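Every value quoted in this text rests on a predicted model; they were computed, and no experiment measured them.
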Amino acid sequence: MNTITEDEALNRVAAYCSAAEHCRAEVSEKLQKWGIAYEAIERILARLEAEKYIDDERYCRAFINDKYRFAKWGKMKIGQGLYMKKIPSDVAWRYLNEIDQEEYLAILRDLLASKRKSVRGKDEYELNGKLIRFAMSRGFEMKDIKCCIEVSEEEACAD
């Protein structure tokens, strides 16, 4: 087992953070896997934060943007993902609430429209039930799903 010095670890995680956005929890986990002492991990993390290699708020904005634009996740699933990355919920929800509602609903509408083509149901009610479950599994909230599913009463989306 080759041991890694604190300086080597700092240089390696600085390069890791330069390549892509990472949060404090991810970097800490990586350092723990390398067998770095907890006191050294704290010193390394403090230095990385001071030098702006890691910034949980910047990470949070990037994570939210990627997940809702590219992975087409809803706010609930993104919030859960950020919780798993140990991002404080007040930070996560501050940025989640900044998502442009029109763009967010447009993504959900497109997702539902493409899913509608591949889902079968014996009637509109069953079909909508399947679409609702699909959208909820993607982390969208019921109020947003109802707004985007073409219901016979044509409910308007008022937010």
Side-chain angles (χ1 to χ4, degrees), residues 1-115 117-119 130-149 157 159:
M1 172 100 187
N2 59 350
T3 54
I4 180 172
T5 67
E6 188 173 330
D7 282 339
E8 286 173 328
L10 176 63
N11 291 334
R12 282 169 67 179
V13 291
Y16 172 68
C17 292
S18 296
E21 200 65 64
H22 295 284
C23 65
R24 183 182 173 92
E26 286 175 331
V27 175
S28 176
E29 197 175 298
K30 186 169 268 309
L31 291 167
Q32 286 173 30
K33 283 181 184 169
W34 291 347
I36 307 295
Y38 286 109
E39 305 81 50
I41 290 174
E42 280 308 310
R43 285 192 298 274
I44 290 170
L45 289 173
R47 181 133 174 230
L48 290 172
E49 284 175 333
E51 295 177 14
K52 296 291 183 204
Y53 279 101
I54 52 177
D55 178 341
D56 280 353
E57 291 200 11
R58 188 179 64 215
Y59 173 82
C60 184
R61 286 193 304 272
F63 185 89
I64 290 170
N65 188 41
D66 288 355
K67 294 304 179 194
Y68 97 88
R69 285 211 171 104
F70 304 117
K72 306 209 182 317
W73 284 10
K75 290 179 184 177
M76 303 310 290
K77 189 168 182 173
I78 296 170
Q80 183 65 32
L82 289 168
Y83 172 81
M84 299 302 284
K85 300 283 186 184
K86 297 179 175 59
I87 301 294
S89 63
D90 61 317
V91 174
W93 284 101
R94 181 169 67 235
Y95 292 112
L96 279 167
N97 289 329
E98 285 180 4
I99 292 175
D100 179 59
Q101 191 66 9
E102 279 310 305
E103 184 182 358
Y104 183 71
L105 291 176
I107 286 170
L108 177 55
R109 274 188 211 99
D110 291 347
L111 198 61
L112 289 169
S114 65
K115 185 67 175 176
K117 293 173 188 165
S118 66
V119 172
K130 289 179 178 183
L131 290 172
I132 289 169
R133 282 190 294 282
F134 166 72
M136 289 187 85
S137 75
R138 283 295 190 91
F140 289 92
E141 295 168 273
M142 195 61 182
K143 68 178 178 63
D144 296 329
I145 298 167
K146 276 184 174 174
C147 183
C148 294
I149 284 190
C157 209
D159 228 293

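Using modelled atom types and a 3.5 Å distance limit, the side chains of E57 and Y95 yield a donor-acceptor pair. Between the side chains of H22 and Y59, no donor-acceptor pair of N or O atoms lies under 3.5 Å.
For the pair K72 and Y68, the cation-pi test (distance below 6.0 Å, angle within 45°) is failed.
Between the OH atom in Y104 and the SG atom in C148 there is a gap of 9.5 Å [rounded to 0.5 Å]. Annotation: the span from L10 atom CG to I36 atom CD1 amounts to 10.0 Å, rounded to 0.5 Å. Rounding to the nearest 0.5 Å gives a distance of 8.5 Å between CG of L82 and SG of C23.
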Hey, mind stepping through I54 and L45 against side-chain contact (heavy atoms from CB on, under 4.5 Å) and telling me if it holds?
-> CA-CA 8 Å; I54 52 177; L45 289 173; 3.8 Å; yes
Show the numbers, then the answer: is there a side-chain contact (heavy atoms from CB on, under 4.5 Å) between V13 and Y53?
-> CA-CA 9 Å; V13 291; Y53 279 101; over 6 Å; no
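Remark: R69 engages E103 in a salt bridge, criterion side-chain N to carboxylate O under 4.0 Å. Checked for salt-bridge contact, K75 and E141 miss the test: no charged N lies under 4.0 Å from a carboxylate O.
Contacts of R133 classified as side-chain hydrogen bond (donor to acceptor under 3.5 Å, both in side chains), with partners at least two apart in sequence or in another chain: none.
The salt bridge (Lys or Arg N to Asp or Glu O under 4.0 Å) analysis of residues 35-53, with sequence neighbours excluded, yields the pairs E6-R43, R24-E42, R24-E49, R47-E51.
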